[in-house]
Amino acid sequence: MKKFFAGLLVSCFTLNLSATETPYQAAIATAHPYATEAGREILELGGNAFDAAVAISAVLAVVEPYSSGLGGGGFWLLHRQSDQYQVMVDGRETAPESSSKNMYLDRAGNVIPGASINGPLAAAIPGVPAALFYINKHYGRISFADCLAPAIRYAREGFPVTDRYQKLAGYRLDELRRWPATAGIFLQDNDIPEKGHLIIQTDLADTLTRLARDGHTGFYGGPVAETLVKNVQLNRGIWKMRDLLHYRIKERRPVVAQYKRFRLVSAPPPSSGGIVLAQMLNMLERFNLSSFDPVSRKHIIVEVMRRAYRDRAVHLGDPDFVTVPVLRLLDPDYAEGLALSIDLDHATPSKDLSGVVAEENIGEDTTHFSVLDDEGNRVSATLSINLPFGSGFVANGTGILLNNEMDDFAIKPQTPKSYGLVGNEANSVAPGKRPLSSMSPTFLESEDEVAILGTPGGSRIITMVLLGILDFAEGNPPESWVSLPRFHHQYLPDELQFEKDGLTLPEQEQLRAYGHRLNEKNREYGNMQAILWYKPRQLVFAASDPRGEGAADVFDVIEQPRLARESSIP
Ligand code: DON
């Protein structure tokens, strides 16, 4: 497959085949087979990629409760083929009005353990429901109720517990047990459910039904909002009705950069993803990577990661609150200077780069999906409730599991958090502010190709996407991008992390000799979902990370008669 695609690229360049602008086939890659099926169902119902994205997001909210949900947030990168319009729909959570910079510190200024991670105080105001309604209203083609119908079905009928569910529930078991409403839904007799056990979410089905019927206000006003606020306040949270009523989606212009033959289109602040990717590619452009042996190549990539993550820690935050020096960070001359500071034979100690500290990642929650419809519309979306099962808190009667995205703020500047990342003032807590994210939904575009990719993985998201991009640039297909062994550097802690068996022993030895401190993770990480449309031959490929339980599908869209397909809305 690998050679096949590389061969195609070469032959098509030499034949100079012209590109056409409609793929004829559609493709979907998501982290769960039910979500992939739901996306297909919506396209076959006459919906476009944006409708499919709404349906997929809603199904993932039901069947991957450890990764994303109505109680969380996300970024949807959209491309509309008819006018080439590109935008990122920012449905990131916002800090409640009563939040404050030092809210997670005790009187002595120390971080209160768990305060930004467990329970409702850790939860920011969710953006997913608003985003789904917004995307359907502004970009969709079929009704919101039709888009939410598959999710409502899965919430009512249930989905079976898998290995992944068991693993992630095990990871958060104490917190799931702590809240009766949570344990009642996600545990079986207060324990990790057996494989195949059906998780039925009747309250969530009712909440989704209300959202489908009443749109934005079905969540952010009325009984759902009131119940959320009441439950949060009863459990030492600080949400107010005003926080929900004021929540708004933001449309953001994506970060765009050129690397070799293709254009990178990725997530702008409040994600750090696009800027860090563009910076790394700008630096790498200064090296002819293919002329280096594999170890030197990895050394250069690691040094580039280190430098871009340093800037992440120093400069990035919510652009509505802080001035992010985007132009300077993306300036080719700046990249040139950083690239020149790379010593080809020695690791640069992070402490020798001025700046602040950077997150360590647990890495399998959060979710990404990629969609291409047969007209060429596309969506790259990464959604999160942060750690597995978010804050662990379900607001009784709503079925909504709240995020713990507040932990993505620099809760104590210069101090590493869940992902070991550091941050400073630019990412401190403030009312209404969006925490800095690493989620990096991405498109790559050349005359002949369109790629759609992204992954969960906290602070490691951006470096996983980088490795996928470099593999794409070498002419390899999505199957290869999603399964590559992964390595990572994030400035601080000053260590080169890699997946179990991700570097060979001789590679490890050589990298150590360069001065890198190695940290082999005892497992794999990430869950990349990717699509490639190769225009000259009208070929579409899709792949789902073998590390996860997802499904990728490439198909002809044959519109199905509506049959007796019932809308779930009474
Ligand atoms: O927005 C972020 O960067 C994080 N909340 C993402 C967390 C994540 O990817 C966790 N899992 N793998």
Side-chain angles (χ1 to χ4, degrees), residues 31 60 64-69 71-77 88 90-95 116-117 122-128 131 164 167-168 171-172 266-277 309 312-313 316-318 358-369 381-392 401-411 416-423 427 433-442 453-465 486 488 490 497 499 521 523-529 545 547-550:
L60 291 170
E64 275 201 311
Y66 37 82
S67 285
S68 67
F75 299 127
W76 291 254
L77 186 63
M88 188 184 85
D90 170 358
R92 183 72 162 162
E93 299 91 333
T94 51
S116 64
I117 292 179
I125 306 303
V128 165
R164 186 175 176 78
K167 190 168 78 179
L168 293 168
Y171 175 72
R172 293 289 274 159
S266 192
S271 174
S272 56
I275 289 184
V276 173
L277 281 172
Y309 272 76
R312 179 197 195 278
L316 300 191
D318 181 345
E359 306 163 30
E360 161 76 4
N361 209 329
I362 299 141
E364 290 179 57
D365 37 309
T366 300
T367 197
H368 178 86
F369 67 85
T382 313
L383 320 179
S384 183
I385 50 171
N386 204 20
L387 300 187
F389 290 92
S391 66
L401 182 56
L402 302 187
N403 68 82
N404 56 359
E405 222 75 64
M406 291 297 283
D407 193 60
D408 274 349
F409 281 115
I411 53 175
K417 311 166 295 139
S418 320
Y419 302 114
L421 280 179
V422 246
N427 188 32
K433 195 172 175 185
R434 294 169 193 231
L436 183 63
S437 173
S438 299
M439 294 188 286
S440 310
T442 294
L453 74 161
T455 180
S459 57
R460 290 193 283 252
I461 291 175
I462 316 174
T463 57
M464 285 187 256
V465 174
R486 292 168 175 152
H488 171 78
Q490 60 179 37
Q497 303 172 10
E499 279 185 315
K521 297 284 157 189
R523 52 181 190 74
E524 300 172 317
Y525 58 80
N527 195 5
M528 185 173 280
Q529 312 295 327
D545 200 317
R547 298 162 182 82
E549 296 176 346

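Start at 1 and go down the list; that is how both ligands and their atoms are numbered.
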[X] heavy atoms, cut-off 4.0 Å: which ligand 1 atoms fall inside?
{"X": "M439", "value": "1 (O), 3 (O)"}
{"X": "T366", "value": "6 (C), 7 (C), 8 (C), 9 (O), 10 (C), 11 (N)"}
{"X": "I461", "value": "9 (O)"}
{"X": "S438", "value": "1 (O), 2 (C), 3 (O)"}
{"X": "E405", "value": "1 (O), 4 (C), 5 (N)"}

- prompt: Just going by heavy-atom distances, which of P270, S459, S437, G73 is nearest to atom 1 (O) of ligand 1?
  reply: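 Closest candidate by heavy-atom distance is S437.
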
query: Counting heavy atoms only, which of G458, G526, P435, G390 is nearest atom 9 (O) of ligand 1?
result: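 Checking each option, the heavy atom nearest atom 9 (O) of ligand 1 is found in G458.
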
query: Quick one: OG on S459 to CE on M464, what's the gap to the nearest 0.5 Å?
result: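 One finds 8.0 Å between OG of S459 and CE of M464.
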
With M439, the side chain to side chain contact (heavy atoms under 4.5 Å, CB included) member among S266, S384, P270: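 That would be S384; it is the only one of S266, S384, P270 passing the side chain to side chain contact (heavy atoms under 4.5 Å, CB included) with M439.
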
F409 and its side chain to side chain contact (heavy atoms under 4.5 Å, CB included) partner, picked from D318, N427, L436: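 Result for side chain to side chain contact (heavy atoms under 4.5 Å, CB included) with F409: N427.
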
query: Do any nitrogen or oxygen atoms of G457 come within less than 3.5 Å of a nitrogen or oxygen of ligand 1?
result: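 Looking only at distances, the answer is yes, because the N/O contact criterion of under 3.5 Å is met.
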
Closest heavy-atom pair and its distance - N403, G72: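 Heavy atoms only, the tightest pair is CB-CA, 4.1 Å.
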
- request: Taking all non-hydrogen atoms of both residues into account, name the closest pair between L277 and S440 and its distance.
  value: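 Looking at all heavy atoms of both residues, the shortest contact is CD1-CB, 4.3 Å.
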
- prompt: Does NZ or CZ of R460 come closer than 6.0 Å to the centre of the six-membered ring of Y525, within 45° of the ring's axis?
  reply: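 So R460 does make the cation-pi contact.
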
- request: Report the part of S384 (side chain from C-beta onward, or backbone N, CA, C, O) that has a heavy atom under 4.0 Å from ligand 1; answer both or neither where that applies.
  value: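 S384 to ligand 1: side-chain contact only, backbone stays beyond 4.0 Å.
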
Per-residue contact class, L387 against ligand 1 - non-hydrogen pairs under 4.0 Å: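 No part of L387 is near ligand 1 at this cut-off.
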
Any R92 heavy atom less than 4.0 Å from ligand 1: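 Judged by the 4.0 Å heavy-atom criterion, R92 does count as contacting ligand 1.
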
- prompt: Can a salt bridge be assigned to the pair R92 and D90 using a cut-off of 4.0 Å between side-chain N and carboxylate O?
  reply: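 So R92 does not pair with D90 through a salt bridge.
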
query: Do the side-chain N and O atoms of S438 and R312 include a donor-acceptor pair separated by under 3.5 angstrom?
result: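 There is such a pair (donor and acceptor under 3.5 Å, judged by atom type) between the side chains of S438 and R312.
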
